[in-house]
Amino acid sequence: QVQLVESGGGLVQPGGSLRLSCAASESIFSTSVMAWYRQAPGKERELVAVTTSSGGLNYADSVKGRATISRDNAKNTVSLQMNSLKPEDTAVYYCNAVRTVRGSARVDVYWGQGTQVTVSS
């Protein structure tokens, strides 16, 4: 079973920065769409950032200009750099991978266990 493991979460002051990382147990990133989601208590899980297997980038409006997603296919890692953090960024952040196997109808979806980010003074 493919596993995704996030790290880098923690407590940060408003206006501060954090870098979240996600590592896969197997080499899947080169053929996967990678994304970061987040979910705050009592709120729906929302998409934060996406990177395609070719390196395309997209961001949610709520983090645009403050977040940068990057990937290293050789190392099977994906990161999310968050700057100018706000209290409303407080959430559990999840790494997500979606892999479509070429020539097959199979779609594999993987989730990390989540890492807590708390923005508070």
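As the structure is a computational prediction, the values presented were derived from the model and not from experiment.
Applying the salt bridge (charged side-chain N to carboxylate O under 4.0 Å, His left out) criterion to R19, with sequence neighbours excluded, gives no partner residue. Partners of E26 according to the salt bridge (charged side-chain N to carboxylate O under 4.0 Å, His left out) rule, which considers only residues two or more places apart in sequence or in another chain, do not exist here.
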Checklist entry - Given T118 and S120, is the side chain to side chain donor-acceptor pair (under 3.5 Å) satisfied, shown in steps? => result CA-CA 6 Å; T118 302; S120 177; over 6 Å; no
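Taking hydrophobic clusters as Ile, Leu, Val, Met, Phe, Trp and Tyr residues chained together by side-chain heavy-atom distances below 4.5 Å, W111 does not share a cluster with W36. Under the 4.5 Å side-chain heavy-atom criterion for ILVMFWY residues, a single connected hydrophobic cluster contains both V48 and V119. Linking Ile, Leu, Val, Met, Phe, Trp and Tyr whenever their side-chain heavy atoms come within less than 4.5 Å puts Y37 and V107 in one cluster. Placement of V5 and V109 in two distinct hydrophobic clusters is found when ILVMFWY residues are connected by side-chain heavy-atom separations under 4.5 Å, directly or transitively.
Here the side chain of S32 pairs no donor or acceptor atom with the backbone of M34 at under 3.5 angstrom.
Residues I28 and Y110 meet the side-chain proximity criterion, which asks for heavy atoms closer than 4.5 Å. In this structure, R38 and V63 have side chains that are in contact, with non-hydrogen atoms separated by less than 4.5 Å. Taking 4.5 Å as the limit, every side-chain heavy atom of L57 sits out of range of all side-chain heavy atoms of V50. When side chains are defined from C-beta on, E6 does not count as touching S21, because their heavy atoms never get closer than 4.5 Å.
Shortest non-hydrogen contact noted between S53 and R71 is N-NH1, 3.5 Å. When all heavy atoms of S17 and N83 are compared, the pair lying nearest together is OG-OD1, 2.9 Å. Counting all heavy atoms, side chain and backbone alike, M82 lies closest to A67 at SD-CB, 3.4 Å. In plain terms, the two heavy atoms of L47 and A35 that are nearest each other are CD1-CB, 3.8 Å. The heavy-atom pair separating T51 from V78 by the smallest distance is CG2-CG2, 4.2 Å.
Evaluated for a side chain to side chain contact (heavy atoms under 4.5 Å, CB included) with S79, the options C22, S70, C95 yield exactly one hit, S70. Checking L11, L20, T90 one by one against V117, the side chain to side chain contact (heavy atoms under 4.5 Å, CB included) holds for a single residue, L20.
No hydrogens or angles considered: nothing links the side chains of D72 and T77 as a donor-acceptor pair under 3.5 Å.
The distance from atom OG1 of T115 to atom CD of Q113, rounded to the nearest 0.5 Å, is 7.0 Å.
Using a cut-off of 4.0 Å between Lys/Arg side-chain N and Asp/Glu carboxylate O, K86 and D89 are scored as not salt-bridged.
Within the structure, ring-ring contact (aromatic ring centres under 6.0 Å, His included) contacts touching residues 58-98 (residues at least two apart or in different chains) do not occur.
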